[in-house]
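If you scroll down you'll find the structure; I have some questions about it.
Positions are given from 1, in the same order as the sequence printed here.
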Amino acid sequence: MPVYESIKNADNRIVVSGESRDSVVFGWEKVIDALAEQADAGRKRIALDGWYGIGFEKIARSLEKKLKAQGKEVVLYPACQLFCSREEIIAYNQPYVTTDPGFGKVNKTGVMEDIMQSEAVAKVRELLSEEGKRIVIIYGMGASIPELAELLDVKCYVDNTHQKVQWDMWEGKLSTFGCQESTKGYDWKEYNYSDYYLLKRQKDYMYQVMDFYVENYVAEDLVLVPRKAYDEIMSTLVKYPIHEVKIFSPGPWGAYRYETMDYGVEGLANNAWNKIAGPELRILIDFGGERSISMPMLNAMQYGEELVGELIHKQYPGLFPLDVWLDDGWHPSHQPAERISMPMHIHPSSKYVADHFEEPLGRYETYYIAEAYEGANTWMGFQDEADIEEWERLCEESGNVTPIENWKDFIANWSSKEGDLYLIPPGTMHGHGGNQMVLEMDTNPSINGTEYSFFEYDFARPSWDDTTKTMTGKPLKMHLEHGRNMEKTRRASWVKEHLLSTPKVIKWTKDYFVEQYRSYSVMPYHVERIHFERCGEYSTEGRFMHMLTLTVGDKVAVRSKADKKLCAVCERFQTLVIPASFGDYEVVNEEGGRATCVIQRWKEG
């Protein structure tokens, strides 16, 4: 799936000490010089560890060239030589890849050492233990595993983002464990269900022992952040509301409201999904240096209790539990439902993802209608008289290759207006019906952001081909077995009574008021709104992370009441992640007129 990014108003402007700010080194040559100075100071055992998709060889060769020009003897050791063969790694990953065509199972305990050769690790220990003047540089994923770290003088962690790894995978350019060249035949499920977790556990270890964090988001650029400065930057970041870099993806139901929103996205031909907050996005941090540095949002989970709150931090360790999407639905002319609707699909419960995929949390979804156009509608639930066994038979027969002509006889349809909220607990058949802008708020089931949607029917339409910018791709694959397993056969009359939510006022003042939407028992979070013209007030109570999205108005500032310097600006259809520890805050309308912010937050805290 192609992905486009928007960095408009994405910088997180924070204030750190002058010492930390000035200690960060920007630029390829300057970073290489700084690492070479480490060797001059007698620190002769250097490791360049990090995530997938990093040009480790180029960095190591640049450092080697600099050191040799100074007359030093240098030995390079690629950490890929520590790993087992590709065939052995495939066999190791097989229980996590599984035979399921759509999903795998999380590797809950594995570490990189599981797929390394003990003899190779022992030889590197010998190399690092040798006396003498030689400088040893070990580079690549796993270069600083615990068994080697005690022998290393300088430990660097070179980081990458989720989107860059995905792009490399789609283009067949990703080098994985044990491979110096691009890995042939790499199964994306190997990354999502096993390799990601091996990389993450090593990264978690490196947070404790690294000397430098290295940003390499731009291939030809490096930023070297000393450990002390990195710790201050990250601990300061979670004191502020946090922006994330939005991502956009075209698709067969993609629409065009984005074209009028000035996101600064080039090359996007239509917008099916616009993700505005979630664990797999990247963040930009402006701490007063030469430029902002880029890193995964999940790096902030080093301070999980401050960010997501004590309860979630303990109940779901490492999980960023909430997602916010913006589902575009505006078309300049009338289009049939089969063009502008999402696939008919359902989501799994926490028990289902635990039993089948070893994930910690199910997907509990809501659709908030941020804008409604002529014909705005949502598909949700089965018609009261629908024969659901017949629906399943027709879906099997179709395979999403031949149309189901009477599909509308099965699925209930609801007209939408701005402010409507649809509760979508697991097992509820549904899909955005088009002609509306949907603020889609979900739980996130996976530490690495793997999505769990079970498609049953997508109108047998072609998918999007982003190379030709046409709807000429193969039809989407369905997940009928999982769909059948999770279907709760919720019908229109039950949906109307339980899932079409309405708000009630929970706080009113002459300046602002707060509403909370009626919920359903299994939904783990509340959806609330704060309305104001000049200023509103609210609080995380030190317990609840808030996902705050501006849906009416052009621009607001969110400020801590305890410290006005802790502030961030939120533009229309942008989400701020407000850390649980933020406490009392005010939302100030910077443009005038009416403003509404929609807030997603956990029920218990």
Side-chain angles (χ1 to χ4, degrees), residues 1-12 52-53 160-174 188 191-192 216-221 242-284 291-298 323-332 339-340 342-343 370-371 432 434 437-440 442 444 448-451 453 462-473 476 549 570-577:
M1 182 177 69
V3 172
Y4 298 80
E5 290 187 320
S6 169
I7 60 172
K8 185 172 184 286
N9 192 40
D11 283 300
N12 291 284
Y52 274 178
N160 203 356
T161 64
H162 180 84
Q163 281 72 40
K164 281 189 67 181
V165 172
Q166 295 281 12
W167 293 333
D168 284 350
M169 272 200 292
W170 292 327
E171 295 173 5
K173 298 190 303 185
L174 192 67
W188 65 270
Y191 178 72
N192 279 46
N216 186 215
Y217 184 76
V218 179
E220 304 301 319
D221 198 11
I242 300 172
H243 297 98
E244 297 184 77
V245 175
K246 295 187 288 289
I247 60 173
F248 300 76
S249 293
W253 61 94
Y256 303 95
R257 178 74 169 99
Y258 77 95
E259 292 180 339
T260 64
M261 298 305 295
D262 188 28
Y263 287 130
V265 182
E266 295 183 6
L268 183 65
N270 70 65
N271 183 34
W273 295 279
N274 171 199
K275 190 160 193 178
I276 54 181
E280 75 273 33
L281 301 183
R282 70 179 174 112
I283 55 176
L284 295 168
R291 65 166 176 83
S292 296
I293 60 172
S294 178
M295 67 175 64
M297 173 65 188
L298 282 175
D323 269 339
V324 183
W325 306 72
L326 196 64
D327 301 328
D328 204 333
W330 181 81
H331 291 265
R339 163 63 180 88
I340 63 177
M342 278 185 179
E371 291 183 345
H432 160 39
M437 183 73 88
V438 177
L439 184 68
E440 178 186 323
D442 305 312
N444 163 53
N448 77 341
T450 301
E451 184 185 340
S453 295
S463 61
W464 179 254
D465 183 330
D466 204 52
T467 302
T468 62
K469 307 292 184 185
T470 58
M471 306 282 189
T472 55
L476 297 179
T549 307
C570 185
E571 296 182 345
R572 191 177 188 192
F573 294 145
Q574 183 174 36
T575 295
L576 288 179
V577 179

Q. Heavy atoms, side chains only, cut-off 4.5 Å: are Trp167 and Val3 in contact?
A. yes
Q: With sequence neighbours left out, write down each residue that passes salt bridge (charged side-chain N to carboxylate O under 4.0 Å, His left out) with Arg339, or none if nothing qualifies.
A: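 Scan of Arg339 (salt bridge (charged side-chain N to carboxylate O under 4.0 Å, His left out), adjacent residues dropped) gives none.
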Q) Hey, what do you get for OG1 (Thr450) to CH2 (Trp188), rounding to the nearest 0.5 Å? A)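 One finds 7.0 Å between OG1 of Thr450 and CH2 of Trp188.
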Q: Indicate the atoms forming the closest heavy-atom contact of Ser463 with Leu476, along with that distance.
A: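 The answer is CB-CD2, 3.9 Å.
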Q | Intermediate values then yes/no, side chain to side chain contact (heavy atoms under 4.5 Å, CB included), Asn270 and Met471 | A | CA-CA 11 Å; Asn270 70 65; Met471 306 282 189; 3.8 Å; yes
Q | Sidechain-backbone polar pair: Asn216 side chain, Asn160 backbone, donor-acceptor under 3.5 Å | A |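 No.
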Q) From His162 NE2 over to Ile247 CD1, what is the distance, rounded to the nearest 0.5 angstrom? A)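 That separation rounds to 7.0 Å.
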Q) Looking only at heavy atoms, which two atoms of Tyr4 and Pro250 are closest? And how far apart? A)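 Distance-wise, the nearest heavy atoms are CE1-CD, 4.0 Å.
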Q.
Taking the side chain as everything from C-beta on, heavy atoms only, tell me whether Gln163 gets closer than 4.5 Å to Val245.
A. no
Q) By salt bridge (charged side-chain N to carboxylate O under 4.0 Å, His left out), which residues pair with Asp466, not counting sequence neighbours? A) Lys469
Q: Report the residues that fulfil side-chain contact (heavy atoms from CB on, under 4.5 Å) with Asp168, sequence neighbours left out, ordered by chain and then residue number.
A: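 Asp168 satisfies side-chain contact (heavy atoms from CB on, under 4.5 Å) with Lys173, Leu174 only.
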Q.
Quick one, Met342 and Val438 - any side-chain contact, counting heavy atoms below 4.5 Å?
A.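 Of all side-chain heavy-atom pairs linking Val438 with Met342, none is under 4.5 Å.
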Q. By side-chain contact (heavy atoms from CB on, under 4.5 Å), which residues pair with Thr468, not counting sequence neighbours?
A. Asp465, Thr470, Thr472
(Q) Applying side chain to side chain donor-acceptor pair (under 3.5 Å), can you list everything that pairs with His331, at least two apart in sequence or on another chain? (A)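 Scan of His331 (side chain to side chain donor-acceptor pair (under 3.5 Å), adjacent residues dropped) gives none.
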**Q.** Pair Glu451-Ser453, side-chain donor/acceptor within less than 3.5 Å
**A.** yes
Q | Pro332 side chain reached by Trp330 side chain, heavy atoms, under 4.5 Å | A |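 Trp330 reaches Pro332 side chain to side chain.
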Q. Considering residues at least two apart in sequence or located in another chain, which fulfil the salt bridge (charged side-chain N to carboxylate O under 4.0 Å, His left out) criterion with Glu244?
A. none
Q: Could you grab the distance from atom NE2 of His432 to atom CE of Met437, nearest 0.5 Å is fine?
A: 8.5 Å
Q: Name all residues meeting the side chain to side chain donor-acceptor pair (under 3.5 Å) criterion together with Thr549; count only those two or more places apart in sequence or in a different chain, and write none if there are none.
A: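 For Thr549, the residues satisfying side chain to side chain donor-acceptor pair (under 3.5 Å) (neighbours in sequence not counted) are Thr575.
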Q. Residues two or more places apart in sequence or in another chain: which of them pass ring pair (Phe, Tyr, Trp, His ring centres under 6.0 Å) with Phe248?
A. Tyr263
Q: Sequence neighbours left out, what passes salt bridge (charged side-chain N to carboxylate O under 4.0 Å, His left out) with Asp327? Give chain and number order.
A: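 Residues passing salt bridge (charged side-chain N to carboxylate O under 4.0 Å, His left out) with Asp327: none at all.
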Q | Trp464 versus Ala269, closest heavy-atom pair with distance | A |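 That would be CZ2-CB, 3.4 Å.
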Q | Tyr217 side, atom OH; Thr161 side, atom OG1 - distance, nearest 0.5 Å | A |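 The OH atom of Tyr217 sits 5.0 Å away from the OG1 atom of Thr161.
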Q: Kindly write out the residues that satisfy side chain to side chain donor-acceptor pair (under 3.5 Å) with Trp253, not counting sequence neighbours, or none if the list is empty.
A: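 Here no residue qualifies.
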Q. With sequence neighbours left out, which residue pairs that include part of residues 246-274 fulfil the salt bridge (Lys or Arg N to Asp or Glu O under 4.0 Å) condition?
A. Arg257-Glu371
**Q.** Considering all heavy atoms, the nearest Val577-Ala277 contact
**A.**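 Residues Val577 and Ala277, closest heavy atoms: CG2-CB, 4.5 Å.
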(Q) For a 4.5 angstrom cut-off between non-hydrogen side-chain atoms, does Met297 reach Ile242? (A)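 Yes, their side chains come closer than 4.5 Å.
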Q.
Is the shortest side-chain heavy-atom distance between Lys164 and Arg282 below 4.5 Å?
A.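 They are not in side-chain contact.
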(Q) So does Leu284 get a backbone contact from the side chain of Asn12, meaning a donor-acceptor N/O pair under 3.5 Å? (A) yes
Q: Please name the pair of heavy atoms, one in Phe573 and one in Ala370, separated by the smallest distance, quoted to 0.1 Å.
A: CE2-CB, 3.7 Å
Q. How long is the gap from CD1 on Ile276 to SG on Cys570, to the nearest 0.5 Å?
A. 8.0 Å
Q. Could you give the distance from CG (Leu281) to CG (Asp323), rounded to the nearest 0.5 Å?
A. 8.0 Å
Q.
My understanding is that only residues two or more places apart in sequence, or in another chain, count here; which of them pass side chain to side chain donor-acceptor pair (under 3.5 Å) with Ser6?
A.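 Applying side chain to side chain donor-acceptor pair (under 3.5 Å) to Ser6 gives none.
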Q) Okay, side chain of Ser249, backbone of Pro2: is any donor-acceptor separation there less than 3.5 Å? A) yes
Q: Compare all side-chain heavy atoms of Asp11 with those of His243 and state whether any distance is below 4.5 angstrom.
A: no
Q. Side-chain contact, heavy-atom cut-off 4.5 Å: Asn274 with Asp328?
A.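 Asn274 does not reach Asp328 side chain to side chain.
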